[in-house]
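Single-structure report; data block below.
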2 protein chains.
Amino acid sequence: MTKKISSLSYSISDLSKEFDITTRSIRFYEDQGLIAPSRKGQTRIYNQRDRVRLKLILRGKRLGFSLAETGRLFELYDVDKTSATQLNSIMSLISDKKSDLKQQLDDINAVLIELDDLEKNCKDILSSLENNK
Amino acid sequence: MTKKISSLSYSISDLSKEFDITTRSIRFYEDQGLIAPSRKGQTRIYNQRDRVRLKLILRGKRLGFSLAETGRLFELYDVDKTSATQLNSIMSLISDKKSDLKQQLDDINAVLIELDDLEKNCKDILSSLENNK
DNA sequence: GCACAACTTTACGTTAACGTAAACTTCATA
DNA sequence: TATGAAGTTTACGTTAACGTAAAGTTGTGC
């Protein structure tokens, strides 16, 4: 299944190569309900939407999101937000995520500063080693 | 072991309460070599340095660092950086971490924008629901 | 002196996120 | 036609980060 089926669909190995993950992982994400590719016979066929979802899953992982959390974020887009109570619960979920992420921003900036500092120290020591040759 | 031993030391439950984690976790971090409290008899006594380390471990977790990764970051501070080759390997490790974190910054900002957008949509729908009462 | 709260060690259990192996089907190509 | 590459399902194995339970020790209040 090396050749593309159409310009907008992908095989499982296409995606596994593009994102550098195993086909096992991709099938697992489907198992967990995060992707739902169509089939041709029993072969999975991924479209653009599936691809975007995969990308979002991986971004979520980089941010330390569990697959379940990423799944809930997906639902936020899919649910038809009819009732006001539903809308409010969604909004509180969003606001929770936002404060989590803002905390992460602070964390990252703090660590970046520390790493810069550490890097500078290393450079100083290195250059003093060079001079004393 | 409710009372403080001195103004600068803590019992395991002091720390578990302060950081809202179980004593099991704290002992586990010790097991993994991330903390090394002193002992009075067989009872663990944590000092200010241990406390700071705990705080750093939890920050690492928020950033999706494994305990092993956090441990390596600790080592960066502890190692006496004698040889130039060691220094260079440390610096490449630092630069790896830095680019990871910068990627995370981008990720977070992207998600924050999406969440803001989603939030705005919810608010719009909510207010239109209010008006049609 | 004894209950009891907080500490300890030892060790097996659990969950998420896959890895890995086996046994099978499809399809292109030599 | 057969061989090999890519796909499939089923199912057991693995690792990190703890949870949980058992069984014992230690200090403190009544």
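Residue numbering restarts at 1 for every chain, and letters A, B, ... go by the order of the sequence lines.
A straight line from NZ of K17(B) to C1' of dA5(C) spans 10 Å, rounded to a whole angstrom. Rounded to whole angstrom, the span from the CG atom of D20(B) across to the C1' atom of dC18(D) amounts to 15 Å. Note: CD1 (I35(A)) to P (dC18(C)) measures 11 Å, nearest angstrom. When rounded to the nearest whole Å, the span between CD1 of I26(A) and C1' of dT8(D) equals 14 Å. As a whole-Å value, the separation of Q42(B) CD from dT8(C) P is 7 Å. Rounded to whole Å, atom P of dT25(D) lies 17 Å from atom CZ of R44(B). One atom, CD of E30(B), and another, C1' of dC7(C), lie 13 Å apart when rounded to the nearest Å. What separates CZ of F28(B) from P of dG19(D) is a distance of 10 Å, to the nearest Å.
Put simply, S11(B) has no side-chain N or O that comes within less than 4.0 Å of OP1 or OP2 on dA6(C). Side-chain N/O atoms of S25(B) include one lying less than 4.0 angstrom from OP1 or OP2 on dG19(D). Checking the phosphate oxygens (OP1, OP2) of dA6(D), no side-chain nitrogen or oxygen of T43(A) falls inside 4.0 Å. Residue T22(B) places at least one side-chain N or O under 4.0 Å from the OP1 or OP2 atom of dG19(D).
The closest donor-acceptor contact from the side chain of D116(B) to the backbone of I113(B) lies at 3.5 Å or more, if one exists at all. Looking only at distances, no side-chain donor or acceptor of T23(B) sits under 3.5 Å from a matching main-chain atom of S13(B). Judged by distance alone, the side chain of T43(B) and the main-chain N or O of R39(B) form no donor-acceptor pair under 3.5 Å. Side chain of N109(B) to backbone of D106(B): no donor-acceptor contact under 3.5 angstrom is found.
Minimum atom distance to the side chain of Y29(A) is reached by dC18(C), of the listed dT8(D), dT26(D), dC18(C). Checking dT9(C), dC7(C), dT8(D) against the side-chain heavy atoms of R39(B) singles out dT9(C) as nearest. With dG7(D), dT8(C), dC18(C) as the candidates, the nucleotide lying closest to the side chain of I12(B) is dT8(C). When distances are taken from the side chain of R27(B) to each of dC18(C), dT8(C), dG19(D), the shortest belongs to dT8(C). Checking dC18(C), dT25(D), dG7(D) against every side-chain atom of S13(A), the shortest atom distance belongs to dG7(D).
Of the residues in residues 60-73 of chain B, not one places a heavy atom less than 4.0 Å from an atom of DNA chain C.
L34(B) and G71(B) make their closest contact through CD2-CA, 3.2 Å (heavy atoms, listed as atom of the first residue, atom of the second, distance). Between F74(B) and R53(B), the shortest heavy-atom distance links the atoms CD1-NH1, 3.3 Å.
Heavy atoms of other residues, nucleotides or ligands lying less than 6.0 angstrom from CG of D20(B) number 12 at most. Counting heavy-atom neighbours within 6.0 Å of R72(B) CZ, excluding the residue itself, gives a total of 12 or less.
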Report, one pair per line, the protein and nucleotides 20-23 of chain C atoms (nitrogen or oxygen only) whose separation is under 3.5 Å.
from	atom 1	to	atom 2	distance (Å)
dT20(C)	O4	R24(A)	NE	3.0

Let me check something: any side-chain donor-acceptor pairs from residues 87-95 of chain B under 3.5 Å, sequence neighbours excluded? List them with distances.
from	atom 1	to	atom 2	distance (Å)
N88(B)	ND2	A84(B)	O	3.1
S89(B)	OG	Q86(B)	O	3.1
S92(B)	OG	S89(B)	O	3.3

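Side chains of Q104(A) and D100(A): a donor-acceptor N/O pair is absent below 3.5 angstrom, by distance only.
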